[in-house]
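Read the structure below first, then the notes.
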Amino acid sequence: MKKMKRYFTYSFVTLSGLLFAGVMMPRCETDADRDKGATPVIKYARTFDVETKDSLIVSAALGSRIEFVGDNLGDVQQIWFNDQKARLNRSTIKSHSIIVDIPDTTPGEMTNHVRFITSRGTIVDYPFNVSVPAPRVDAMTCGYADTRLVVTISGDYFADDPNAPLTVTFSENKPATIRNISQEALVVEVPDGAKEGAVTVTSIYGSGKSSFRYRDTHDMVFGFEGITKAL
């Protein structure tokens, strides 16, 4: 009984000491703590590539990793490129720098600014252009579809802008009727008079031509030749 009593006494003293030490030990102050309430200052942006890290930039492409350098950046909670919110990694946010990936989603509205927002709602806009590539046209369902049939064209960067609507044209400049648009797919109706040739998709960011050919007779002839040789 005495031994158990002594054990409880020791345990209580040890626990009390640990709790006291925890209270007395100062909590490590983070960059976010130090910068809370301060207005972020952006001095410049640069590439994150080691080989070109000293290159200052005023624009970058979708999906690029870049670094913003400045002051009071530790408390930044949100970063918006145009109308697209970036995904942040707290370990890359410091008082004097932030490493961030530009979202790879095509913006619906181009403001040509990056917006920084702190935990207290302070907003700082920094002029920066995000370059969007011209449409990339990769494939089409049923490459021999008859006119007026609906097909899906797949690729990327299919941006539809009210001031410059996206268009799809078949050979000899035959415009297709567009049924649906997403960044990576277009549902279109093959136009009357469409003949063999590439398909072109044009957006506000430029034109992209397919590597495949609609109704490609060369592939068809080659296929028949292959069958003949095999026989």
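If you read the sequence from its start, that first residue is 1, and numbering goes on from there. Computed from a prediction, not measured in an experiment: that's the story for all the values here.
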Is there a donor-acceptor contact under 3.5 Å from the side chain of Ser171 to the main chain of Lys195?
yes
Any side-chain heavy-atom pair from Asp192 and Lys174 closer than 4.5 angstrom?
no
Check whether any side-chain N or O of Thr141 sits under 3.5 Å from a backbone N or O of Thr152 as a donor-acceptor pair, and report yes or no.
yes
Any carboxylate oxygen within less than 4.0 angstrom of a Lys/Arg side-chain nitrogen, looking at Asp146 and Arg215?
yes
Test item: Arg34 side-chain N/O and Glu29 main-chain N/O as donor-acceptor pair under 3.5 Å
yes
Any donor and acceptor pair, going by atom type alone, linking the side chain of Asp161 with main-chain N or O of Asn163 inside 3.5 Å?
yes
May I ask you to test the Thr202-Thr169 pair for a side-chain heavy-atom distance under 4.5 Å?
no
Might you confirm whether atom CZ of Arg90 has over 12 heavy atoms from other residues, nucleotides or ligands at distances under 6.0 Å?
yes
For the residue pair Leu73 and Val69, what are the closest heavy atoms and their distance?
CD1-C, 4.3 Å
Donor-acceptor pair, Asp31 side chain versus Ser95 backbone, under 3.5 Å?
yes
Just so I know, are the side chains of Thr122 and Pro40 near enough to count as touching, which here means a heavy-atom distance under 4.5 Å?
yes
Mark yes or no for whether Gln77, through its side chain, and Asp75, through its backbone, hold a donor-acceptor pair below 3.5 Å.
yes
Nearest-0.5 Å distance that lies between atom CZ in Arg46 and atom CG in Leu56:
8.0 Å
Strictly by modelled atom types, are His96 and Asp71 linked by a side-chain donor-acceptor pair under 3.5 Å?
yes
Could you tell me whether Arg115 atom CZ has more than 12 heavy atoms of other residues or ligands within 6.0 Å of it?
no
Measure across Gly143 and Tyr214 and return the closest heavy-atom pair with its distance rounded to 0.1 Å.
O-CD1, 3.1 Å
For the residue pair Val151 and Val188, establish whether any side-chain heavy-atom pair is separated by less than 4.5 Å.
yes
Whether the Asn82 and Glu109 side chains hold a donor-acceptor pair (N or O, under 3.5 Å, no angle test) is what I'd like checked.
no
So, taking the atom named NZ in Lys36 and the one named CG in Asn72, what distance separates them when rounded to the nearest 0.5 Å?
14.0 Å
Phe128, Phe68, Phe81 screened by ring pair (Phe, Tyr, Trp, His ring centres under 6.0 Å) with Phe116, the one that passes:
Phe68
Can you tell if the side chain of Trp80 reaches within under 4.5 Å of the side chain of Thr111, non-hydrogen atoms only?
no
Val114 and Ile42, any side-chain heavy atoms less than 4.5 Å apart
no
To the nearest 0.5 Å, what is the distance between OG (Ser55) and CD1 (Ile66)?
13.0 Å
Paired with Ser210, the side chain to side chain contact (heavy atoms under 4.5 Å, CB included) test is passed by just one of Val199, Asp138, Ile153, namely Val199
Taking the side chain as everything from C-beta on, heavy atoms only, tell me whether Leu62 gets closer than 4.5 Å to Val130.
yes
Less than 4.5 Å apart, any side-chain heavy atom of Pro135 and any of Ser203?
yes
